[in-house]
K.L.:
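For reference, the structure I am asking about is given below.
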Amino acid sequence: MDQRIVEQFRDAIGPEAVLTEPVQLVTYECDALPHLRSMPDVVLLPRSAADVQKIVRICDREGVPFVARGHGTGLSGGALPVAGGVVITLAKLNRVLEIDIPNRRVTVEPGVTNLEITRQVAPHGYYYAPDPSSQQVCSLGGNVAENSGGAHCLKYGFTVHHILAVEAVLPNGELVQIGSPLADAPGPDVLGLLVGSEGTLAVVTKVVVRILRKPESVQTLLAAFNSTSEAGAAVSEIIAAGIVPAAVEMMDAVAIEAAEAAVHPNFPPADTILIVELDGPSAEVAELFGIVEATCRNAGATRIEVAQDEAQRGRIWKGRKAAFAAMGRISPNYYVQDGVVPRTKLPEVMARIRQLAEREGIRIGNVFHAGDGNLHPLICYDERIEGQSALAERVAGEILIYCVEAGGSITGEHGVGADKKEFMPRMFSEDSLDVMQSVRDALDPKRLCNPGKVLPTPRLCGEVPGPYREHPIERAGLGERF
Amino acid sequence: MSVSEALRPGTAEDAIDGVVPLRVALPESPEDLARVLADASRERQLTVLRGGGSKIGWGRVADRIDLVIGTARLGRLVAHRYGDMTVTAQAGMPLATLNRHLFEHRQHLPVESAFEDATVGGIIATNDAGPMRHRFGTPRDLLIGVTLAMTDGRLVTAGGTVVKNVAGYDLGKLVSGSHGTLAVIVDATFKLLPLPLASMTLVGSYVDGVALARDVAALHGSQVELTSFDVYAANGRWVLLMRMASSPAATEAQAAEARRLLSSAPTVLSGDEEAALWGEQIRAPWLEGGTVLRLSWLPSNLPAVIALLARLQSRGCRVAAFAGRTMGAGLLRLEGEDSTVLAAVGDLRAAGEVGHVVILRANRRVKEQIDVWGPSTGAIEVGRVLKRKFDPQNILNAGRGPI
């Protein structure tokens, strides 16, 4: 990058906030999708919205592409730097600005971690509902960019349902307030567009979130089944009974084996394990939990364990949450895929995935949010064996196609990012993608704001998501993926 | 049917704020609708979109209206995937009809409207919701996919038919609350909820708004989970409406807990009586006569809002009805001379206790003297930037809508 521009950044936000040494930059060359890497020319560490605004204005004037980054836990390469561009890391905007318990609102800067909000409001009996499994380390700004979900979004929704307002810097450097702490701001829901736009429309500098009262009661059970279709039938029955569980998770034999090898949750031997959690007022949970238990039994559960205390509940969730990282115990390499199917299509798509695994001679573990049909197939391979990496890539891509063919989506929560943009034409027509591009061009006519993400440019066929590699955060035991 | 056959001259019945549109189009297919729209854009015809027409008057007064495009003939149920708890319906389907279909599988779209004719497209375009928003949010929170007709004649989609999906920009959110200024909603897909197994409503009456506000605060801080939690005021009488809907035993237990927290014994309603009460609550702000305003506030400001209403009353502006959601949103029906009503709107907009004061229904004289939408916001500014791309000829609800 032109030294003249670097000097402008130094003048604007101070020399100490401008990183240019390769050894400093290397941390920022990828997010939690490490097979996609690109070294930024400069990394900028603003301390305020005003700093962000100064940076974006320089970028706009000089035609420098910029990528906003939270804590780098994204799984789709959404924070992948752009060659010749800058990374704006929001880690230093990490203050909790206001906690308003009577109105159930918390105002934070984007670098505050997801779990920090809950930590701060828990003494008052409240929590912040979206719970991506990286919640200990992921940033609120990143959650807003990705519209993050979590295990409990079946009942409580996604980030977009819990954000009331943001302050953001538009690609032209203008600072705007979008949304309002008050309900019913007139006009189009620009906030809803911004949440989940993967950092391509603005850089968020402040977020107002809604917090919820901690549920009075939580009950969790684990049920063992002889087949995925039996477990799937149990889920359908529970939903048909008019029950909306807080979470419904499923794991197949490969995933169970991996979890046992890694964290020994003592899961019963089974082809498929179902975890169902209900929360809410005690009387409601008590009454409905009996129905859930009976439904599992009728659907063919060979064993049911009801968590008797927080420790047992923790053990069940530990087994579930460790499943991704645990794949490393049974396979040298693996892909984490993220696709969605309509819940009733789960058995059909699972059967296709099993056939695919048999046909290709590859192991695929399955962990998924069964309540909302969000699949996370874990594709096992060994990169040392020639051709296996390519095979795994092809298999991962084929599973996404199954999801789309079943009427689902190429991503339920990890985002499109740089990773899946070439799959977008499988879900959307050229015209639809073109209109999405026009949204982007309206706000970012110079195409400087996180370019190369979300929308396919240029069209390339057959690009598939990359293999899973352990992120430093996972290695350090700070976070797990879902 | 060709496009020209779907067009007819506008009549007095089509008038909006007394402005009779030159023509009305009622296309029978999404493709026809897209063609009519593209023609209108090419010919720069000022176009207003209409679903059931129940909220067509919301907005500023138009100088002229060249074309109304109605979705009355696009009212098909596309698919009710009851096992997946999702539904896709064309924009012109009335919300009430949709919920009758969903009832067959004991499901519902938990959105209420004061208007029998309200359509799927209309509730999205206005993002209008009733008391159940306390628990389920507004239409934008339940919307998971849309098909839109763009002014260049293209039909595009965003979102999908699955409840969890983060692929692409959420254009469904963008058109929520856009009041027909960006594109035409052709069909919509929603996530659904099971109908509750039991339901019960407690009604508390108060002579003193402050006592009511104290009870609201007590319930807000408790573990009682309400489906709807409304306040109603008229003629100096204050009413609190609390609906709990869950499993039978849980509903009873919740009601018992709520009763324990309330300062005086409430009346208990269920069944038809309960349904009738909520129907009245939803319709109360819309009864004949008066100006209807929408306003919002921080929940903890309810006592201040109550005091504000008393002040309006003392200045000669009759508060004919106030129906509010205790989460901080409500409708106010005011009666009085135009000048009194205008002064009241001015007072409310200047007051720190409330925000987003929008005039939804008023006579033409009032609407011509004050901006119904109120001051601009950051979202509206960004919305205008997007509108220039979506509607380059500025035909869609131009001048009437919020952007």
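Please read these numbers as outputs of a predicted model, since none were measured by experiment. Letters go in sequence order (proteins before strands), and every chain restarts at 1.
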K.L.:
To the nearest 0.5 Å, what is the distance between CG on B:L197 and CD on A:E287?
P.N.:
7.5 Å

K.L.:
Which bit of B:F390 comes within less than 4.5 Å of chain A, counting heavy atoms only: side chain, backbone, both or neither?
P.N.:
side chain

K.L.:
Taking every heavy-atom pair that is under 4.5 Å apart, which of A:K345, A:E198, A:R104 has the most such pairs with chain B?
P.N.:
A:R104

K.L.:
With a 4.5 Å cut-off on heavy-atom pairs, point out which of A:G179, A:A240, A:A241, A:S180 contacts chain B the most.
P.N.:
A:S180

K.L.:
Verify whether one side chain among B:N165 and A:S409 offers a donor that lies under 3.5 Å from an acceptor in the other.
P.N.:
yes

K.L.:
If you tally heavy-atom pairs under 4.5 Å against chain A, which of B:M327, B:Q107, B:R133, B:E252 wins?
P.N.:
B:R133

K.L.:
Which one, B:A183, B:S246, B:A253, leads in non-hydrogen pairs under 4.5 Å with chain A?
P.N.:
B:S246

K.L.:
Side chain, backbone, both or neither: which part of B:P248 has a heavy atom under 4.5 Å from chain A?
P.N.:
both

K.L.:
Side chain, backbone, both or neither: which part of B:W373 has a heavy atom under 4.5 Å from chain A?
P.N.:
both

K.L.:
Pick one of side chain, backbone, both or neither for A:I291, based on which atoms fall under 4.5 Å of a heavy atom in chain B.
P.N.:
neither

K.L.:
Within the structure provided, determine whether B:V156 and A:D431 are in side-chain contact (heavy-atom separation under 4.5 Å).
P.N.:
yes

K.L.:
Using a cut-off of under 4.5 Å for heavy-atom pairs, which of B:A329, B:G374, B:S222, B:A125 has the most such pairs with chain A?
P.N.:
B:S222

K.L.:
With chain A, which of B:G221, B:A158, B:G355 has the greatest number of heavy-atom pairs at distances under 4.5 Å?
P.N.:
B:G221

K.L.:
Counting N and O atoms only, with roles assigned by atom type, does the side chain of A:N103 sit under 3.5 Å from a partner on the main chain of B:S300, one being a donor and the other an acceptor?
P.N.:
yes

K.L.:
CG/A:L455 to OH/B:Y169 distance, rounded to the nearest 0.5 angstrom?
P.N.:
5.5 Å

K.L.:
Which pairs count as side-chain hydrogen bond (donor to acceptor under 3.5 Å, both in side chains) when at least one residue sits in residues 154-164 of chain A, sequence neighbours excluded?
P.N.:
A:K155-A:D279, A:Y156-A:D279

K.L.:
Evaluate the criterion side-chain contact (heavy atoms from CB on, under 4.5 Å) for residue pair A:R105 and B:L298; output intermediate values, then yes/no.
P.N.:
CA-CA 10 Å; A:R105 284 145 171 80; B:L298 283 174; 3.5 Å; yes

K.L.:
Decide yes or no for B:M85 and A:I239: does some side-chain heavy atom of the first lie under 4.5 Å from some side-chain heavy atom of the second?
P.N.:
yes

K.L.:
Can you measure from CG (A:L194) to CG (B:L174) and round to the nearest 0.5 angstrom?
P.N.:
10.5 Å

K.L.:
Which heavy atom of B:H220 sits nearest to which heavy atom of A:Y126, and what is that distance?
P.N.:
O-OH, 4.2 Å

K.L.:
Just give me the residue among A:A442, A:G196, A:A283, A:G280 that pairs up with chain B most often, heavy atom to heavy atom, under 4.5 Å.
P.N.:
A:A442

K.L.:
With chain B, which of A:S236, A:A286, A:G157, A:S438 has the greatest number of heavy-atom pairs at distances under 4.5 Å?
P.N.:
A:S438

K.L.:
Taking side chain as everything from C-beta outward and backbone as N, CA, C, O, which of these in A:D338 sits under 4.5 Å from a heavy atom of chain B? Side chain, backbone, both or neither.
P.N.:
neither

K.L.:
Of the backbone (N, CA, C, O) and the side chain (C-beta and beyond), which part of B:L195 lies under 4.5 Å from a heavy atom of chain A, both, or neither?
P.N.:
neither

K.L.:
Do you know which two heavy atoms are closest between B:G168 and A:V454, and how far apart they sit?
P.N.:
CA-CG1, 4.3 Å

K.L.:
Where does A:L175 contact chain B at under 4.5 Å (heavy atoms): side chain, backbone, both or neither?
P.N.:
neither

K.L.:
In Å, rounded to the nearest 0.5 Å, how long is the span from NE2 of B:H356 to CG of A:L182?
P.N.:
5.0 Å

K.L.:
When heavy-atom pairs shorter than 4.5 Å are enumerated against chain B, which of A:P102, A:P186, A:G242 gives the highest number?
P.N.:
A:P186

K.L.:
Would you call A:R343 and B:D84 a salt bridge, using N to O less than 4.0 angstrom?
P.N.:
no

K.L.:
Output, in order, the C-alpha distance, side-chain angles, deciding distance and verdict of salt bridge (Lys or Arg N to Asp or Glu O under 4.0 Å) for A:D184 and B:R325.
P.N.:
CA-CA 12 Å; A:D184 293 339; B:R325 324 277 99 93; over 6 Å; no

K.L.:
For the CZ atom on A:R426, are there more than 12 heavy atoms of other groups (residues, nucleotides or ligands in this structure) within a distance under 6.0 Å?
P.N.:
no

K.L.:
For the residue pair A:M427 and B:A167, what are the closest heavy atoms and their distance?
P.N.:
SD-CB, 3.8 Å

K.L.:
Using a cut-off of under 4.5 Å for heavy-atom pairs, which of A:T344, A:N147, A:T200 has the most such pairs with chain B?
P.N.:
A:T344

K.L.:
Please flag which part of A:M436 lies under 4.5 Å from any non-hydrogen atom of chain B: side chain, backbone, both or neither.
P.N.:
both

K.L.:
Who wins among B:R106, B:Q254, B:H179, B:R388 for the most heavy-atom pairs under 4.5 Å with chain A?
P.N.:
B:Q254

K.L.:
Verify, without hydrogens or angle tests, whether A:E216 (side chain) and B:Q223 (backbone) share a donor-acceptor contact under 3.5 angstrom.
P.N.:
no

K.L.:
When you check the gap from the basic side-chain N to the acidic O, do A:D434 and B:R154 get nearer than 4.0 Å?
P.N.:
yes

K.L.:
Counting a contact as any heavy-atom pair under 4.5 Å apart, which residues of residues 377-387 of chain B contact chain A?
P.N.:
B:G378, B:A379, B:I380, B:V382, B:G383, B:V385, B:L386

K.L.:
Are any non-hydrogen side-chain atoms of A:P281 and B:V224 less than 4.5 angstrom apart?
P.N.:
no

K.L.:
If you compare all heavy atoms of A:G408 against all heavy atoms of B:V162, which two are closest, and at what distance to 0.1 Å?
P.N.:
CA-CG1, 3.8 Å

K.L.:
Quiz question: by atom type and distance under 3.5 Å, do the side chains of A:E284 and B:S247 form a donor-acceptor pair?
P.N.:
no

K.L.:
Under 4.5 Å heavy-atom distance to chain B, tell me which part of A:V160 shows up: side chain, backbone, both or neither.
P.N.:
both

K.L.:
Which residue is it: B:T157, B:T147, B:L155? I am looking for the one with a side-chain contact (heavy atoms from CB on, under 4.5 Å) to A:S432.
P.N.:
B:T157

K.L.:
Roughly how far, to the nearest 0.5 Å, is the NZ atom of B:K389 from the CZ atom of A:R440?
P.N.:
13.0 Å

K.L.:
Just so I know, are the side chains of A:P342 and B:T86 near enough to count as touching, which here means a heavy-atom distance under 4.5 Å?
P.N.:
no

K.L.:
Working to the nearest 0.5 angstrom, can you tell me the gap between B:D141 CG and A:D189 CG?
P.N.:
8.5 Å

K.L.:
Taking it one step at a time, do B:L171 and A:V439 satisfy side-chain contact (heavy atoms from CB on, under 4.5 Å)?
P.N.:
CA-CA 9 Å; B:L171 304 180; A:V439 167; 3.8 Å; yes

K.L.:
Heavy-atom cut-off 4.5 Å, strictly under: side chain, backbone, both or neither for B:L148 against chain A?
P.N.:
neither

K.L.:
Taking every non-hydrogen pair under 4.5 Å, which of B:G160, B:S176, B:P402 racks up the most with chain A?
P.N.:
B:S176

K.L.:
Taking only Lys NZ, Arg NE, NH1 and NH2, and the carboxylate oxygens of Asp or Glu, determine whether B:K191 and A:D372 approach each other closer than 4.0 Å.
P.N.:
no

